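Worksheet for the structure shown next.
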Protein chains: 2
Amino acid sequence: MVDTDSDGRRPVFAAERRQRILELVRANGAVSLRELAHAVQSSEVTVRRDLRALESEGLLNRHHGGATLPGDLNREASYVQKATLSSAEKSAIADLAASLVEDGDAIVVGPGTTTQEFARRLSRHTELAVVTNSLLVAQALAGFPRIEVMLTGGTLRGPILALVGSAAERSLAGLRVRRAFISGNGLTADRGLSTPNMQVACVDQALAAAAEEVVVLADHTKIGIDAMVQTVSAEQIDHLVTDDAAPRDVLDELGGKGVRLHVAQI
Amino acid sequence: MVDTDSDGRRPVFAAERRQRILELVRANGAVSLRELAHAVQSSEVTVRRDLRALESEGLLNRHHGGATLPGDLNREASYVQKATLSSAEKSAIADLAASLVEDGDAIVVGPGTTTQEFARRLSRHTELAVVTNSLLVAQALAGFPRIEVMLTGGTLRGPILALVGSAAERSLAGLRVRRAFISGNGLTADRGLSTPNMQVACVDQALAAAAEEVVVLADHTKIGIDAMVQTVSAEQIDHLVTDDAAPRDVLDELGGKGVRLHVAQI
DNA sequence: AGGGATCGGATCAAATTCGTTCATTTCCGG
DNA sequence: CCGGAAATGAACGAATTTGATCCGATCCCT
């Protein structure tokens with residue numbers, strides 16, 4: 001109704017701006033001061049002040065040049081590093097995959113850096129219900145009141161911060177959602193999606209089984225690769241989101257097996 | 001009161017105007033004072049007065065320049081705020097509590113900044129099995145191969161990054177460990193441990209019920225405080241780890257109820 | 001380890017908003 | 001018709017917010 005552009009020119013309240021900043025930091029894990037200032041249309045001084053206030057509340061950590069999520073969640077630099085590396089493809093894939101989600105959906109999101117990136121894109125949706133076994137995905141979505149995040153139980157697998165084991169699989173039994181967004185280490189037409197770890201593969205299977213449609217997120221480095229354990233066969237995959245550097249022949253082969261292709265332009 | 005028989009250009013009643021203001025705020029989420037004044041054809045002073053009244057009723061939040069819906073921009077600072085407070089005490093308490101853990105133990109760790117600190121101290125132990133509903137605790141223990149971390153399932157509660165809800169409680173059913181290390185927002189001899197949130201309280205109860213012995217970690221700022229919902233009665237508490245600034249009388253009272261006291265020297 | 005560049009903190013100034021006081025208007029009962 | 005109470009609007013000083021600028025601190029690259 002009252003749009004803020006034509007007539008209103010309503011000044012953004014300080015609390016609103018801080019909330020926005022918080023969301024941006026939560027969504028991206030780490031944001032530079034300049035980006036924040038540009039995003040909230042304020043001067044860097046003001047953002048600095050906001051960051052100081054938010055830090056004093058323990059809601060984020062301030063660093064030279066920006067701010068990050070609080071706690072030790074990303075002191076483990078490896079995860080963040082991996083996430084920021086090769087971000088162009090991942091980002092494009094995540095964007096495209098997020099467009100497959102509609103407000104009000106119930107979805108499953110598997111572990112992985114690509115799916116984590118994807119999860120961050122979900123913050124603009126509302127009334128979502130997200131089931132995941134990835135702590136990173138859960139963390140990316142924490143703090144958005146319009147998104148309900150449910151974690152499966154299970155044993156923590158340290159290196160990827162995902163929950164595995166029988167408890168994880170059991171908690172997925174009886175669950176039914178519209179779409180599952182999962183990733184993996186390799187994808188071929190013959191053997192479908194695969195990962196090198198047995199436990200992870202078992203949970204991935206359970207994740208896929210809980211959804212009516214399976215969406216696979218895989219950048220070009222994974223297409224044509226075969227890891228050890230098959231998680232989902234090509235026939236079970238309904239959508240594949242990848243980037244335009246993926247080998248054409250494999251994509252065609254997958255398409256022949258009924259996989260709908262979504263190729264992100266880098 | 002309701003004498004609207006004569007339809008002739010009656011003045012807008014105050015209650016009517018406030019209702020209109022409320023509608024506008026609800027419809028737009030946030031409205032500037034100027035807009036409101038223009039919309040209800042009143043002076044800004046009057047709107048200011050209305051906003052003050054509406055705020056005192058909790059129907060909206062007032063900000064510099066306007067008003068917003070209540071709750072949207074609240075970030076539940078209460079929990080996090082205390083995180084930066086008294087880190088020296090937390091550290092000492094965490095150290096002392098960690099000495100209650102032995103290699104090979106199976107323990108439960110609840111959410112909270114103190115228990116998170118405690119969890120970090122556990123890395124020197126081996127062959128531990130840790131069950132928790134706190135993402136922060138899980139994260140603190142991730143990457144130590146000698147420690148098996150199991151997360152309960154459940155709905156993610158953003159502000160404290162803990163899992164709550166029936167799924168969390170269900171996953172604890174049938175579990176039996178030696179000790180539960182939990183925290184809270186208040187501890188008195190009469191009402192035991194308490195937190196301000198109902199869901200969190202329910203899970204805390206389940207956590208405590210899964211252990212043979214309950215260990216409470218609470219710094220002096222929480223001793224003598226009573227939050228809203230009781231989680232564990234004083235009789236159920238076997239150990240209390242606190243710091244030496246805790247009020248002596250409350251400690252004695254707790255000791256009289258069978259709580260073994262561990263007081264950390266700052 | 002050093003130099004250049006960038007970032008953070010502090011002070012100051014401008015603009016806007018808030019709270020209070022006071023005058024005016026309106027409504028109601030006697 | 002009149003007096004009082006409540007509500008509204010106007011005005012002015014105080015407080016808050018925001019942005020610009022300067023200078024010290026920090027970081028990065030060589």
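None of these values were measured; they are calculated from a predicted model. Below, read A as the first sequence line, B as the second, and so on, with proteins coming before strands; counting in each chain starts at 1.
At the phosphate of C:dG19, OP1 or OP2 sits under 4.0 Å from a side-chain N or O atom of B:R52. An OP1 or OP2 oxygen of C:dC7 is reached within less than 4.0 angstrom by no side-chain nitrogen or oxygen of A:R62.
Going from atom NE2 of A:H63 over to atom P of C:dG9 covers 13 Å, rounded to whole Å. Atom pair B:R34:CZ and C:dT17:C1' shows a separation of 9 Å (rounding to whole Å applied). In this structure, CD of B:E55 is placed 12 Å from P of C:dC18, rounded to the nearest angstrom. The CD-P distance, from A:E16 to D:dT18, rounds to 11 Å in whole Å. Atom CG of B:L51 and atom P of D:dT8 are 13 Å apart (whole Å). Regarding B:R48, its CZ atom lies at a distance of 16 Å from the P atom of D:dC12, rounded to whole Å. Atom CG of B:D50 and atom P of D:dG9 are 10 Å apart (whole Å).
A:H262 is linked by a ring pair (Phe, Tyr, Trp, His ring centres under 6.0 Å) to A:H239, counting only residues two or more places apart in sequence or in another chain.
The line from CD1 of B:I93 to CG of B:L217 is 6.5 Å long, rounded to the nearest 0.5 Å.
For the 3.5 Å distance criterion, the side chains of B:T221 and B:D219 qualify, holding a donor opposite an acceptor. Side-chain N/O atoms of B:R121 and B:S91 include a donor and acceptor closer than 3.5 Å.
Side-chain atoms of A:T132 and A:T115, non-hydrogen and from C-beta on, never get closer than 4.5 Å to each other. Between B:L128 and B:F144 there is no side-chain heavy-atom pair separated by less than 4.5 Å.
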(Q) Does the protein touch nucleotides 19-30 of chain D at the base, only the backbone, or not at all? Give it as B, S and - per nucleotide, heavy atoms under 4.0 Å. (A) BB-----SS---

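With respect to the salt-bridge test (charged N to carboxylate O, under 4.0 angstrom), the residues B:R20 and B:E16 do not qualify. A salt bridge is defined here as a Lys NZ or Arg NE, NH1 or NH2 lying under 4.0 Å from an Asp or Glu carboxylate O, and B:R52 with B:E55 fails to meet this definition.
With hydrogens and angles disregarded, no donor-acceptor distance shorter than 3.5 Å links the side chain of B:T68 to the backbone of B:A30.
Each end of the helix from C:dA1-D:dT30 to C:dG30-D:dC1 yields a helix axis from five base pairs, and these two axes differ in direction by 40° (to the nearest 10 degrees).
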